[in-house]
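Taking it in order: structure first as structure tokens, then the write-up.
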Amino acid sequence: MGFRVAGIPGSLAAEVRQTLRSPQYGHPAYRETATGYGPCRLCLRTFTEGVEERILFTYQPFSDPGSVPTPGPVFIHALPCERYEARVFPPDLRRLPLLLEAYKVGGELLGRERVRDQSPEAVLERLFAATGAAYVHVRNEEAGCFMARVDRS
Ligand SMILES: [Zn+2]
């Protein structure tokens, strides 16, 4: 089974950079020099702390009708970067504490698993196979925040 990992929509990130507001909620966004690893939710790369500028804003990752919104704080690079979209698990996310959550269309949670010392690909395969999920959210196991979405391909 194949899968595809993607960052948040590029148009949404562009709007954040242009308006310095959350496109989904209108809350002010906040620009600062990175004091943590992130990652950037668009390119899915971790930040160079103390060097790269980033923008903090409120993001809601569910898009299917009927799903319960889960707004939370996320970061993107302040300067333009390229949206991640690939059939390969993002290299920078491998080093982070990962929680994978499997959902069916409509946002019902079907299963979740901590990656820990396993390979993310193996956990993804198992979750998709065991639950029949339509998509998976990658979250930070410690902070809880949304990092990326995985679809079957
Ligand atoms: Zn970026």
Side-chain angles (χ1 to χ4, degrees), residues 1-64 67-103 107 109 112-125 127-128 133-153:
M1 189 217 75
F3 61 84
R4 185 174 50 85
V5 186
I8 65 172
S11 57
L12 186 136
E15 190 176 338
V16 172
R17 287 172 179 145
Q18 191 184 357
T19 64
L20 275 183
R21 285 191 178 275
S22 160
Q24 295 166 307
Y25 291 92
H27 305 155
Y30 180 69
R31 180 175 171 152
E32 63 174 14
T33 304
T35 54
Y37 58 73
C40 170
R41 290 349 187 249
L42 185 62
C43 68
L44 302 184
R45 302 180 64 122
T46 50
F47 297 114
T48 307
E49 295 177 38
V51 176
E52 289 184 294
E53 291 284 305
R54 64 183 186 180
I55 301 174
L56 169 70
F57 67 102
T58 305
Y59 179 66
Q60 197 295 103
F62 288 99
S63 54
D64 21 321
S67 57
V68 178
T70 57
V74 297
F75 295 98
I76 57 171
H77 280 111
L79 297 174
C81 59
E82 192 173 337
R83 179 180 186 241
Y84 190 94
E85 186 168 16
R87 293 163 189 263
V88 175
F89 199 81
D92 282 16
L93 296 195
R94 289 181 176 281
R95 301 193 298 268
L96 306 183
L98 302 175
L99 172 68
L100 303 182
E101 292 190 326
Y103 293 97
L109 180 65
R112 57 170 22 173
E113 189 168 340
R114 291 174 167 85
V115 173
R116 300 269 164 94
D117 55 356
Q118 307 172 84
S119 105
E121 290 87 350
V123 179
L124 277 171
E125 292 254 348
L127 267 178
F128 274 125
Y135 59 91
V136 166
H137 281 180
V138 181
R139 293 173 62 183
N140 186 307
E141 182 201 334
E142 291 165 1
C145 47
F146 170 85
M147 296 200 288
R149 171 172 165 138
V150 186
D151 285 275
R152 293 171 179 269
S153 66

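In each ligand, atom 1 is the first atom listed, and ligand 1 is the first ligand listed.
A salt bridge is defined here as a Lys NZ or Arg NE, NH1 or NH2 lying under 4.0 Å from an Asp or Glu carboxylate O, and Arg87 with Glu121 fails to meet this definition.
Here 4 is the count of protein N, O or S atoms positioned under 2.8 Å from the Zn ion (ligand 1), waters not counted.
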Decide yes or no on ring pair (Phe, Tyr, Trp, His ring centres under 6.0 Å) for Tyr59 and Phe146, but give the supporting numbers first. CA-CA 9 Å; Tyr59 179 66; Phe146 170 85; 5.8 Å; yes

- Item | Trace of the side chain to side chain donor-acceptor pair (under 3.5 Å) decision for Arg83 with Ser11 | CA-CA 10 Å; Arg83 179 180 186 241; Ser11 57; over 6 Å; no

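For Gln60, the side chain to side chain donor-acceptor pair (under 3.5 Å) test picks out no residue, with sequence neighbours left out. Shown here are the side chain to side chain donor-acceptor pair (under 3.5 Å) partners of Arg45, two or more places apart in sequence or in another chain: there are none.
Sequence neighbours left out, the pairs with a member in residues 133-143 that pass side-chain hydrogen bond (donor to acceptor under 3.5 Å, both in side chains) are Tyr37-Asn140, Asp64-Tyr135, Glu101-Arg139, Arg114-Glu141, Arg116-Glu141.
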